[in-house]
Amino acid sequence: MSEGIPVCIAGTGSYLPEKVMTNADLEKIVDTSEEWIVTRTGIRERRIAAEDEFTSHMAAKAGAKALEQAGIEAADIQLIIVATITPDTLTPATACYVQQHLGAQGAVAFDISAACSGFLYAMKIAKRLISDGAFENALIIGAEKLSAFINWEDRSTCVLFGDGAGAAVLRKAEKPGDGEILATEMGTDGRQTRLLNIPGGGSACPITINNADQRLATLAMLGREVFKHAVTRMKQSAEKVIERAGLKAEDIALVVPHQANLRIIDAIAERLDVPYDRVFTNLQKYGNTSAAAVAIALDEANRSGAIKKGEHVVLVVFGAGLTWAAGAIRW
Ligand code: ACO
């Protein structure tokens, strides 16, 4: 299918809360160890949002930085999409609060829910809406306050996740080398919903006085099964997008994958035949921030100079649903 009028990434931004929670801090809460967490996941610390700091606050801060880098005023942004599984409220959408925080009154704003794949789902939607001429620009944001949806007594999940937000501004590409999004691809397998979910708090299982003590509004995961699907789907998705962009693995200067687990990232790099020094990681500092993770990583890669103008970058993600997605960009 044609990818339409060229659309580019004009700016990126990210925000991480101040509070750092180390593996040593977690050793005091659950029966775990620095050694287990580092060898199984690579994570050394994560950030935790303040009690009065919501997903929308982090999203707006990341969004403001992306707008600043793109040289676009909040008042001129036409579309805001927030990808999150930890919204401020079930309704209205977190994107509506973000619109208000930013003063972006001219924007249409809505959320999407695709877990860790959400930022690239948002990228594909925004790209299409811009290339179709419906909007001139868009602010896409991945933002999560996962700490509010973690069972802090479950060692199999609480060591993995963190809070944060990442953002990008998309607009029509004016000239080659503008940061053009060359190709995107995404997929879903709804047969696997049981592998990773937040079972309570929705219409299937409202939280009531009778179940409030069961912590059903927290993340539940069958980690080992998720791991296998993650490796297979991310490899396939990255390969598809590389082919769709007319590229080969050796053309890729940097792969920016979902930041869940260093062992998953190692396995994908090996299967894609991309040397490890061409794979960006920051999960050591932030853990898995779901929809925010790839967006934060992209911003850090951009601002640190890990991606240079004209180079090809592949983003690839995987999450609950199960969902997966990839994007190829000529930076
Ligand atoms: N500290 C110490 N021991 C632990 C901990 C912990 N924090 N957690 C589990 N263990 C124990 C288990 O009880 C088990 O003990 P047993 O052998 O005595 O039964 C042992 O460690 C091994 O447990 P596994 O779950 O098999 O460990 P595994 O090597 O699979 O690693 C992990 C677990 C890190 C969760 C891994 O499976 C993983 O990363 N899975 C993928 C997660 C992911 O990518 N999610 C992405 C999407 S997230 C989203 O969409 C929101």
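In this text the structure is predicted, and so the values were computed from the model without any measurement. When a ligand or atom number is given, it counts from 1 through the structure's own listing order.
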Can you name the atoms of ligand 1, numbered from 1 with element, that are less than 4.0 Å from a heavy atom of Val159?
7 (N)
Side chain to side chain donor-acceptor pair (under 3.5 Å): which pairs involve residues 35-45, sequence neighbours left out?
Glu34-Arg44
May I have all residue pairs that pass salt bridge (Lys or Arg N to Asp or Glu O under 4.0 Å) and include part of residues 195-204, sequence neighbours excluded?
none
Specify whether the nearest protein heavy atom to atom 42 (C) of ligand 1 is under 4.0 angstrom away.
yes
For Ala115, counting its heavy atoms only, list the atoms of ligand 1 lying under 4.0 Å from any of them.
50 (O)
So, Glu311 and Arg278, do they make that salt bridge, N to O below 4.0 Å?
no
Counting C-beta onward and ignoring hydrogens, is there a side-chain heavy-atom pair between Ile307 and Leu298 closer than 4.5 Å?
yes
Per-atom contacts of ligand 1 with Met221, taking only distances under 4.0 Å to non-hydrogen atoms
42 (C), 45 (N)
Using a 4.0 Å heavy-atom cut-off, say whether Leu146 meets ligand 1 through its side chain, its backbone, both or neither.
neither
Does one hydrophobic cluster hold both Leu129 and Ile80, with members joined at side-chain heavy-atom distances below 4.5 Å?
no
Does any N or O atom in Thr41 lie less than 3.5 angstrom from one in ligand 1, N or O only?
no
Just checking Glu51: does its CD atom have more than 12 heavy atoms from other residues, nucleotides or ligands closer to it than 6.0 angstrom?
no
Any side-chain heavy-atom pair from Ile85 and Glu144 closer than 4.5 angstrom?
yes
For ligand 1, the portion of Ala230 having any non-hydrogen atom under 4.0 Å away:
neither
Considering only protein heavy atoms, which is closest to atom 13 (O) of ligand 1, and at what distance to one decimal place?
Arg155 NH2, 3.0 Å
Option with minimal heavy-atom separation from atom 35 (C) of ligand 1, where the choices are Asp154, Val30, Ile265, Leu160
Leu160
Answer yes when Asp299 and Lys65 have at least one side-chain N-carboxylate O distance shorter than 4.0 Å, and no when they do not.
no
Please list, in number order, the atoms of ligand 1 under 4.0 Å from a heavy atom of Cys116.
47 (C), 48 (S), 49 (C), 50 (O), 51 (C)
Which residue supplies the protein heavy atom nearest to atom 32 (C) of ligand 1, what is that atom called, and how far is it?
Asn261 ND2, 4.5 Å
Please confirm whether Ser33 comes within less than 3.5 Å of ligand 1 when only nitrogen or oxygen atoms on both sides are compared.
no
Per-atom contacts, ligand 1 versus Leu196 - under 4.0 Å to a heavy atom
47 (C), 48 (S), 49 (C), 50 (O)
Quiz question for you: does at least one protein heavy atom lie closer than 4.0 Å to atom 24 (P) of ligand 1?
yes
Closer than 4.0 Å and a protein heavy atom, does any atom meet both conditions relative to atom 48 (S) of ligand 1?
yes
Donor-acceptor contact present, side-chain Asn137 to main-chain Leu170, <3.5 Å
no
Do other residues, nucleotides or ligands put more than 12 heavy atoms under 6.0 Å from Lys240 NZ?
no
In this structure, atom 31 (O) of ligand 1 is nearest to the protein heavy atom Arg263 NH1, 3.9 Å
Residue among Asp25, Thr22, Asn23 satisfying side-chain hydrogen bond (donor to acceptor under 3.5 Å, both in side chains) with Arg46
Asn23
Nearest-contact summary for atom 40 (N) of ligand 1 - protein heavy atom, Å
Gly223 O, 3.0 Å
Near Glu250 CD, under 6.0 Å, is it more than 12 heavy atoms from other residues, nucleotides or ligands?
yes
Heavy atoms only: which of Ile264, Thr32, Val317, Asn288 lies closest to atom 44 (O) of ligand 1?
Ile264
Measuring only between side-chain heavy atoms, which start at C-beta, is Glu136 closer than 4.5 Å to Arg171?
no
Mind checking whether Ser290 has an N or O less than 3.5 Å away from an N or O of ligand 1?
no
Regarding ligand 1, does Ala260 bring an N or O atom to under 3.5 Å of one of the ligand's N or O atoms?
no
Are any of the protein's heavy atoms under 4.0 angstrom from atom 19 (O) of ligand 1, yes or no?
no
Electrostatic pair Glu53-Arg47, nearest N-O below 4.0 angstrom
no
Heavy-atom nearest neighbour in the protein, as seen from atom 9 (C) of ligand 1, with distance rounded to 0.1 Å:
Trp36 CZ2, 3.4 Å
One finds that the ligand 1 atoms under 4.0 Å from a non-hydrogen atom of Arg224 are 24 (P), 26 (O), 30 (O), 37 (O)
For Arg40, the atoms of ligand 1 under 4.0 Å from one of its heavy atoms are 22 (C), 27 (O), 28 (P), 29 (O)
